[in-house]
Structures are given as structure tokens and as C-alpha cells.
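Structure record follows, encoded as C-alpha cells.
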Amino acid sequence: MIKNICLAAVAFMLAFFPADARRTPKTAPAPVVKPEVSPCIIPVETDGTQLLLAADREGTLRIVHYGAKVADPDSFLGYRFGMGIRYGEGPMAYPTAGGLEHGQTALHVKYADGTHNTELCYVSHGKKLDGNVCETSVLLKDYVTNLEVKLIYTAYLKEDVIQARAEILNGGKSVLELLEYASSCLDLLSDKYLLTHFHGDWAYEMQVDRELLTHDTKVIESRRGVQTTSHKNPSFLLSLSTSEFREDEGEVVAGALEWSGNFRLSFQQDESGHLRVLSGISPYASAWKLKAGESFVTPAMLYTWSDKGGGGASRNLHRWARNYGVYGGAKIKPTLLNSWEGAYFSFTTETLLRMIDDAAAMGLEMFVLDDGWFGNEFPRDNDRAGLGDWDLNRSKIPEGIDYLASYAHSKGLKFGIWIEPEMVNPASVLAREHPEWIVKAPGRENYQIRNQWILDLSNPKVQDFVFGVFDRTMSQSPSIDYVKWDCNRSVASFGSDFLGADQDRFYVSYIQGLYKVMERVRQKYPDTLIQCCSGGGSRVDYGSLAWCDEFWTSDNTDAVSRIRIQYGSSLIYPACVMASHVSAVPNHQTGDVTSLKFRFDMACAGRLGMELQPRNMSADERAFAARCIESYKQFRDLVYTGDLYRLASPYDGDYYALMYVSEDRSRAVVFTYCLRYRNRSQATHTFRLKGLDPDRLYKVTELNADAPCWRGDGQCFSGSFLEGGGFNPELLKPRSSAVFLLEAR
Ligand code: GLA
């Protein structure tokens with residue numbers, strides 16, 4: 001009987017207590033007590049905006065406000081954001097996986113013991129002011145593992161731009177893994193969020209998508225490794241409390257990530273209506289290990305806020321870009337003739353000398369020798385060979401690069417040259433000699449894109465090689481003024497010989513490697529103009545612009561296609577970095593035929609260049625080109641440094657129009673384009689100009705036209721009339737355009 005009872009008891013124990021629970025119980029560690037914190041408000045301010053962070057008694061750091069300045073920020077102390085906070089939601093400054101958090105997280109750490117909990121508590125904060133720039137850093141610490149996060153907010157006072165990044169330090173004793181490590185988190189509260197973001201493709205970049213966000217998460221992510229921006233862009237605008245994009249009024253928050261690799265932007269609207277915006281490196285295949293004492297610094301995320309609509313937000317970003325974000329700022333760059341669409345791979349010294357002559361005759365200021373100048377064993381006569389072998393092709397240009405560059409200089413032109421140093425064709429000496437430098441997954445097909453492979457920039461030896469390509473190219477002539485740095489494929493089936501078992505580092509290390517090379521390049525060549533190109537606009541981001549002077553906006557040079565590409569780009573990036581070229585018709589990408597005037601009027605709204613064979617132009621066309629180039633030189637300072645006002649969006653009607661106004665409002669240049677046929681009864685459209693001084697008189701002069709299309713050509717009008725009255729040039733035909741210079745009397 002007793003025996004039976006004992007057996008039954010054992011059976012019961014086995015059935016109801018799992019193996020772990022039956023072992024001798026360990027004493028569970030006593031929970032660490034969270035340190036108590038004195039609540040405080042930490043303001044991050046620019047001249048016109050305020051981001052307020054609040055630490056509560058439990059040490060949780062929240063974002064409590066981003067927008068117009070409030071006079072008494074401390075009033076936010078103890079502010080309640082709804083019941084949700086008790087359950088883990090709420091406007092966190094840097095939400096982490098663990099604790100009460102259930103939403104998308106900025107930081108997700110896996111510790112050596114396999115646990116995933118991080119709860120950051122406020123420790124301290126400090127500020128450093130240096131003229132126009134004020135840096136606020138806030139130190140947070142996980143109260144159990146000693147992981148530290150420093151949130152760094154750099155405020156650019158006059159530009160109303162705040163740059164946010166995080167520094168994550170493993171303060172524990174064992175290695176840990178960062179599974180997600182966003183640059184920053186922003187929390188907004190509004191009744192509606194209209195998201196503007198970008199989609200596209202090769203030759204179709206920066207197309208605008210707009211959507212009203214609903215609950216849960218919208219993600220914009222690139223996993224292409226490099227060439228990350230043709231299909232999307234690491235930037236956005238959020239119009240608040242509206243379902244329509246408003247150019248001139250209403251609150252808009254815009255953001256842009258300073259990173260050229262995989263990125264992820266996420267927008268999560270929770271049940272309380274808060275929008276959590278997370279931005280940073282995409283965590284895709286990129287867990288980052290930190291040993292004890294090691295740290296990781298994320299790329300920076302830029303934000304601006306404006307109550308002057310999308311236009312106000314763009315102008316803030318543009319001003320920041322000109323003053324801080326773009327390597328050469330708004331320094332005037334030469335107008336140029338690029339050899340690509342005019343000669344492609346087939347040229348001789350003679351072809352190039354004649355192009356230089358023609359460029360000089362039209363008044364252009366630089367000649368750029370594009371692809372095709374290198375490779376001997378594997379001559380670069382098409383895109384199937386030669387990449388990687390950066391020695392001059394002696395049969396095409398026996399006289400050498402210096403001969404060409406000096407010739408250009410003797411004609412008063414600067415000289416530029418193309419390289420694509422991160423890439424290699426299978427048909428090259430480099431591929432034969434250094435297979436270990438090529439990105440490839442062992443045992444798998446190494447896919448070619450545009451007949452090429454990509455070099456493994458996570459490897460310091462490859463970084464040396466890539467720097468060497470730039471350096472050797474420059475050493476060919478002291479007269480090289482400009483380098484077009486191209487990058488014509490993305491990553492596929494990745495694998496790095498160098499990284500061995502640590503393949504998770506590849507995507508991030510590649511871009512860090514690229515930036516290390518760019519840093520060396522800039523140390524040695526601080527004054528060389530660098531264009532960042534990637535099959536057109538696949539490296540259009542503020543990470544690249546920190547090293548480069550401009551980007552090649554798109555391989556699509558068709559003026560009609562450029563309308564949407566340049567409009568989209570203008571939402572985030574300033575005109576001074578937007579290279580825009582007049583090419584031949586029928587256009588080589590689209591087959592479209594537009595007038596030379598329309599093509600010039602479009603290209604003149606950015607950094608003007610030409611990309612065609614001038615010998616194929618008639619004498620009249622060359623004379624007209626010379627006239628347009630001349631007039632561009634008169635107003636390009638406005639394009640480079642003026643404030644942009646978009647007057648008509650190509651997404652909303654029959655016109656696209658924009659203007660640039662000088663800071664003192666004494667001069668402006670207005671570009672107007674007709675997109676569709678207007679029947680006679682609605683033949684003229686009134687553009688309301690913007691940004692002028694209503695009380696000043698402006699002389700209006702139409703440029704690049706023999707028969708003016710506005711009745712007031714050459715006359716003076718008040719700013720108030722031009723803004724509120726009837727500036728209505730007759731643009732009746734599709735693909736007709738007009739450009740006007742406004743000068744205050
Ligand atoms: C890329 C660039 C072009 C041109 C070609 C040359 O496509 O975007 O402008 O330089 O490469 O191969």
C-alpha cells in the first residue's frame with residue numbers, strides 16, 4: 001500500500017514538474033534595484049525648434065515634444081501621455097527590447113547568457129556650445145548589465161536641424177550582440193501622419209510616394225548593400241494633421257540618414273496615436289558583436305521641423321547641407337561637358353580634344369573624361385572588361401591623361417576623370433591576381449551585375465587598393481580637378497574572405513571601409529571636386545555627401561523624366577549637389593524628343609552640364625547653348641545658395657515650377673515648365689511667386705528666349721503683385737518652358 005502511494009507520488013511529480021524544476025533549486029539572484037532618478041527635462045533647441053527629453057523617477061527617458069518652442073519646457077515634468085505608458089508603450093527616447101517594451105525597438109541586445117532584456121536608465125547629461133552648434137549628450141545605462149548608450153543630439157541653431165546618433169558601449173564583462181542598433185528614435189503625436197517617401201529604380205530615382213499612415217508599422221528598408229538609393233532613399237517627410245501634402249503651410253518633420261549602406265526607417269503608430277519613427281542601419285544580416293569595453297557609434301540621423309510646410313522643411317535641410325552636410329558646401333562648380341553619352345567607350349585622343357574645343361567654344365568650364373580610358377590586357381572597350389585595371393589604355397590615348405588635361409587647361413577648362421574603384425570585371429588582371437578580394441559566397445555562384453563583381457571593402461587591403469586607384473589616377477596629371485566616383489552594382493550573395501566566421505559584419509564594415517578610404521582621399525586631396533555617382537542616383541545620401549561635392553542625379557538625362565526626379569530630390573537635397581546635363585535627342589534612355597531650350601531650362605535648375613557629342617549639334621544649336629550657358633553663369637549663385645520655393649508640383653497639375661531667391665531677397669530666378677496640353681480656354685496658369693519682398697520692385701527678364709512669353713518682360717513689378725497677382729507666362733504647349741530673372745530695383 002505504502003509502496004503504491006510512493007509510486008503514485010513519483011508519477012505525479014514527473015507529470016507535473018518539468019525536469020528543470022525538479023533539480024535542486026538554485027537561489028535566484030535578487031533583482032537589482034533600479035536607481036531612483038530626480039526627474040528632469042533636457043531641452044535640445046535650435047533657433048526655431050525644440051526637442052524635449054524627459055527623465056522620470058524610474059530613469060526612463062522619453063521624448064515629450066518636437067516642434068515649435070515652448071517657453072516653459074519644465075511644464076512637461078510629470079506629463080501623462082495616456083494609460084499606455086504603464087503597459088510599456090509611450091514616447092521613448094531610445095526604446096530597447098526588454099522591460100515593458102512591446103513596440104519596435106531602437107536597440108535589441110542579446111547577451112552572452114542568451115538573454116534579451118535591456119532597460120536603459122538615465123544617468124546624466126551635458127551640453128557643449130560652439131557658435132552655431134550645440135551638442136547635448138545623454139548617458140543611459142542598463143541597470144543590470146552595465147550596457148551604456150550615449151544619445152548625442154547636435155543642434156544646428158540657425159538651420160533648425162538636429163542630428164541624432166547613438167554610441168553603444170559594452171560596459172559588461174562578456175561579449176554581447178547588437179541585433180538592432182538604430183541611430184535614433186523620434187516620437188510624434190498628431191491626429192494624422194502623411195508620409196512622403198521615395199521609390200524608384202535605375203534611371204527613375206526619387207519618385208514620390210505619399211500615404212496616410214495607419215496603425216502598426218510601415219518600413220522602408222534597403223538590403224542592397226551598396227547602390228542603396230535608386231529604389232528608395234533613406235529620407236522622408238511627415239506632414240502632420242493633414243491628409244494632403246502642403247508645400248507652404250502646416251507642420252512637417254523631415255528626416256535623412258547619413259549612411260550609404262543598408263538602412264531601415266520604420267514608422268509605427270500605436271493605439272494611443274503616437275508615431276514612433278526609428279531610423280538607422282538595417283539590422284538585416286548585420287548583428288554586431290561588442291566585446292567587453294568595445295563601443296559602436298551609429299551613423300547620424302538628421303531631423304528638421306517646420307510649420308511652413310514641405311517647402312520650409314526642405315529649405316532647412318538645404319541650408320544645413322550647404323553649411324555643414326556637403327563636402328564642398330555651395331562652392332560654385334564648373335559647368336561641364338561629360339564624354340559619356342557623346343562618345344561612350346569609343347574615342348581617341350582626337351575625339352576628346354575636339355570635345356574639349358567644342359566645350360570651350362560654348363563657354364563650358366570643364367571637360368570630364370568618363371568611362372573607357374583604361375585597361376590594356378583587358379581594354380575597357382565595353383562594360384564587359386577592364387574594371388580593376390586602372391592603367392591608361394595606351395592605344396586609345398597614347399599621349400596620356402596629362403596631355404589631355406593640360407590641353408583642357410590651356411583652353412581655360414578644368415579637367416575631370418571617371419573611376420569605379422570598388423568594382424572588378426571577371427575579365428581583368430585584378431580578378432586573376434586577387435580573387436580573395438572579391439565579394440562572394442563560398443561554393444555558390446558569384447552573380448555578375450553589369451558584368452562585374454564587387455570588391456570587399458571590409459578588407460583593409462582592399463581599402464588600400466581603392467585609395468590607390470584614386471591616388472594613381474590623380475598622379476597621372478597635376479591638372480585633374482574633378483573625379484567622378486562611380487559604383488555600378490549592388491551586393492548579392494555576399495561573402496567576405498577577410499571576415500571569416502564574422503560575416504555579420506560585412507554590410508556595415510563595407511561602408512565603414514568606404515568612408516575610411518574617403519577620409520584618406522580627402523586628407524590628400526582636399527580641393528579635388530568629387531562627384532558621387534552610382535549608376536546615376538544610387539548613392540544619393542548625406543553619408544556620401546560628407547565626402548563629395550555633388551551627386552549624379554540619374555542616368556536618365558531626358559528632361560521630361562528629370563522633372564519628377566529633380567522635384568523628388570529637391571525635397572531633401574539642395575540644388576547645388578544635383579548634377580543635371582543637357583543631352584541629345586532622341587534621348588538615349590527614353591527616346592523622347594524635347595527642344596534644346598526645354599532641356600537647358602531643366603538642367604539649369606541644378607548644376608548645369610552637357611553630355612552629348614557637340615559635333616552633332618547644328619551651328620544654331622551651339623549658339624543657343626552658348627547663350628544658355630552664359631545666362632546660367634549670371635544666376636547660378638541663386639541656384640547654389642538661394643532658398644528654394646516650389647511653385648507647382650509635377651504630381652498635382654499641368655505644370656512644374658520652382659524658384660530660388662537670394663538670402664537678401666534682392667534677386668530670384670524662376671523656372672516654369674508646361675507638362676500637358678492646355679486648351680485655349682485655360683491657356684494661361686497663374687504662378688504665385690514666393691519668398692520675395694512684397695514692398696520691393698523687381699525687374700522681370702525672361703532668359704533664353706527671343707519671343708518673351710510673359711507680357712511683363714523687361715518691366716518692374718512689386719513683390720506683392722508677383723506673389724499675389726497674376727504672374728502668368730503663356731506656356732501653352734507640353735514641354736514648353738520659361739526662365740525669368742528677377743532683380744530688385
Ligand atoms: C554609370 C554612370 C554613367 C556612366 C557609366 C559609365 O552608369 O551613371 O554616368 O558614367 O556608368 O560606364
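Both ligands and their constituent atoms are indexed starting at 1 by order of listing. Scope of the values below: all heavy atoms of this structure, side chains included, with no hydrogens, waters or symmetry mates.
- Residue Trp418 places at least one N or O, backbone or side chain, under 3.5 Å from an N or O of ligand 1.
- Set against the non-hydrogen atoms of Trp552, the atoms of ligand 1 under 4.0 Å away are 8 (O), 9 (O).
- Screening Asp357, Asp358, Thr351 for a side chain to side chain donor-acceptor pair (under 3.5 Å) with Arg615, the sole residue that qualifies is Asp358.
- Counting heavy atoms closer than 4.0 Å to ligand 1, residue Glu420 contributes nothing at all.
- The protein atom (non-hydrogen) at minimum distance from atom 4 (C) of ligand 1 is Asp370 OD1, 3.5 Å.
- You'll find the side chain of Val585 reaches within 4.5 Å of the side chain of Arg599, heavy atoms only.
- In terms of protein heavy atoms, atom 7 (O) of ligand 1 is closest to Asp555 OD2, 2.8 Å.
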Test log, rule side-chain contact (heavy atoms from CB on, under 4.5 Å), inputs Phe598 and Asp601: CA-CA 5 Å; Phe598 190 76; Asp601 286 355; 5.7 Å; no

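- Tyr525 and Phe470 have tilted rings, their planes meeting at an angle from 30° to 60° on a 0 to 90° scale.
- Looking from atom 9 (O) of ligand 1 to the surrounding protein, the closest heavy atom is Lys484 NZ, 2.7 Å.
- By the criterion of a heavy-atom distance under 4.0 Å, neither the backbone nor the side chain of Glu341 is placed next to ligand 1.
- Using a 4.5 Å heavy-atom cutoff, the side chains of Thr557 and Asn587 are in contact.
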Can you check salt bridge (charged side-chain N to carboxylate O under 4.0 Å, His left out) on Glu420 and Arg489, steps first, answer last? CA-CA 10 Å; Glu420 194 183 355; Arg489 66 159 286 178; over 6 Å; no

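- Shown here are the salt bridge (charged side-chain N to carboxylate O under 4.0 Å, His left out) partners of Asp391, two or more places apart in sequence or in another chain: there are none.
- With a heavy-atom cut-off of 4.0 Å, Asp486 touches ligand 1 through its side chain alone.
- Residues Gln531 and Val483 form no side-chain contact, since every pair of their non-hydrogen atoms from C-beta on lies 4.5 Å or further apart.
- Per-residue contacts place Cys533 under 4.0 angstrom from the following atoms of ligand 1 (heavy atoms of the residue considered): 2 (C), 8 (O).
- For the pair Tyr567/Ile565, no side-chain contact is recorded, criterion being any heavy-atom separation below 4.5 Å from C-beta on.
- At a 3.5 angstrom cut-off on N or O pairs, Trp202 does not count as close to ligand 1.
- In this structure, Gln207 CD and His197 NE2 are separated by 12.5 Å, a value rounded to the nearest 0.5 Å.
- Under a 4.0 Å heavy-atom criterion, Arg450 is in contact with ligand 1.
- Near Gly536, meaning under 4.0 Å from any of its heavy atoms, are these atoms of ligand 1: 8 (O).
- The shortest N/O to N/O separation between Phe345 and ligand 1 does not fall below 3.5 Å.
- When non-hydrogen atoms are compared, ligand 1 lies under 4.0 Å from neither the backbone nor the side chain of Asn338.
- In terms of protein heavy atoms, atom 12 (O) of ligand 1 is closest to Asp371 OD2, 2.6 Å.
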